[in-house]
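This report refers to the structure that appears directly beneath it.
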Amino acid sequence: MYTLQAIIAKTGTLSIPSTLNVKIVPLQQGYEMLPFTNSFLEDSNIPFLPLTDEGQEILPNSIKSLCEVLSKQNQLAYVEAELFGGAGTQASVVFSNGRLEVAPKICQSAINQAMAALGVTKAEKPDEFEAIGLNEHRDTNKWVE
């Protein structure tokens with residue numbers, strides 16, 4: 001099983017309010033991630049995997065407003081993935097300059113599409129997902145342990 005729920009942006013561009021108890025995690029190619037751990041979800045009243053697990057097609061306001069604030073001076077992607085036994089789905093939404101730039105995409109390549117929009121390159125990896133290192137942990141909580 002693989003689950004991921006996070007915000008990804010270029011390193012140094014996520015300005016996290018001190019009221020949020022979160023840890024920013026470095027990724028490859030000069031990117032960073034704000035993982036939506038269980039404690040962050042609970043503290044922020046954010047639903048767990050609303051697009052991939054709950055089947056919503058519209059981003060909940062709690063996530064949308066956070067992305068709008070964090071993307072005021074930069075571009076970022078909110079991403080979700082839920083896979084079990086090789087089957088599953090991904091979702092992504094891209095924000096830029098405090099506004100929704102790319103509406104929610106829910107498909108097998110949603111994260112790759114969002115990472116490409118942020119400027120991630122495949123390099124010699126099979127896709128942007130692996131090139132940025134998102135295959136390193138199988139659960140969002142593991143990114144901060």
> Considering all heavy atoms of both residues, which atom of A6 and which atom of P35 are nearest to each other, and what is their separation?
Replying inline: CB-CA, 4.0 Å
> So, for A77 and A114, which heavy atoms are closest and what is the spacing to 0.1 Å?
Replying inline: CB-CB, 3.9 Å
>> Could you walk me through whether M115 and F129 satisfy the side chain to side chain contact (heavy atoms under 4.5 Å, CB included) test, starting with their C-alpha distance in whole Å, then the side-chain angles of each, then the deciding distance to 0.1 Å, before giving a yes or no?
In response: CA-CA 7 Å; M115 293 305 94; F129 185 93; over 6 Å; no
> Given L66 and I7, is the side chain to side chain contact (heavy atoms under 4.5 Å, CB included) satisfied, shown in steps?
Replying inline: CA-CA 10 Å; L66 176 62; I7 290 174; 4.0 Å; yes
Looking at side-chain heavy atoms only, is the closest gap between [X] and [Y] below 4.5 Å?
{"X": "L100", "Y": "E68", "value": "no"}
{"X": "N74", "Y": "S96", "value": "no"}
{"X": "E101", "Y": "F95", "value": "no"}
{"X": "V94", "Y": "Q75", "value": "yes"}
{"X": "L4", "Y": "V79", "value": "yes"}
{"X": "P26", "Y": "E32", "value": "no"}
{"X": "E82", "Y": "M1", "value": "yes"}
{"X": "L51", "Y": "V93", "value": "yes"}

>> If we count only N and O atoms by modelled type, under 3.5 Å, do the side chains of E80 and T52 hold a donor and an acceptor together?
In response: yes
> Between I46 and Q5, does a side chain to side chain contact (heavy atoms under 4.5 Å, CB included) hold up when you go through it step by step?
Replying inline: CA-CA 11 Å; I46 290 176; Q5 185 172 8; 4.1 Å; yes
> Around E42, counting heavy atoms of other residues, nucleotides and ligands shown, do more than 12 lie under 6.0 Å from its CD?
Replying inline: no
> Quick one: do V22 and L14 end up in the same hydrophobic cluster if we chain Ile, Leu, Val, Met, Phe, Trp and Tyr together by side-chain heavy atoms under 4.5 Å apart?
Replying inline: yes
>> Same cluster or not: V102 versus I63, using hydrophobic residues (I, L, V, M, F, W, Y) connected whenever any side-chain heavy atoms lie under 4.5 Å apart?
In response: no
Using 0.5 Å steps for rounding, measure from the [atom1] atom of [X] to the [atom2] atom of [Y].
{"X": "T11", "Y": "I8", "atom1": "OG1", "atom2": "CD1", "value": "11.0 Å"}
{"X": "K142", "Y": "H137", "atom1": "NZ", "atom2": "NE2", "value": "9.0 Å"}
{"X": "Q90", "Y": "Q113", "atom1": "CD", "atom2": "CD", "value": "9.0 Å"}
{"X": "L118", "Y": "E128", "atom1": "CG", "atom2": "CD", "value": "10.5 Å"}
{"X": "E57", "Y": "K105", "atom1": "CD", "atom2": "NZ", "value": "15.0 Å"}

I'd like to know if the side chain of [X] and the backbone of [Y] have a donor-acceptor N/O pair within less than 3.5 Å.
{"X": "N141", "Y": "N38", "answer": "yes"}
{"X": "T140", "Y": "T37", "answer": "no"}
{"X": "Q28", "Y": "L134", "answer": "no"}
{"X": "Q108", "Y": "G88", "answer": "yes"}
{"X": "T3", "Y": "D139", "answer": "no"}
{"X": "S44", "Y": "L41", "answer": "no"}
{"X": "Q29", "Y": "T121", "answer": "yes"}
{"X": "S71", "Y": "C67", "answer": "yes"}

>> Determine whether L34 and F40 satisfy the following criterion, side chain to side chain contact (heavy atoms under 4.5 Å, CB included), listing intermediate values before the conclusion.
In response: CA-CA 10 Å; L34 185 167; F40 176 72; 4.0 Å; yes
> Do the two ring centres, one from F36 and one from Y78, sit under 6.0 Å apart?
Replying inline: yes
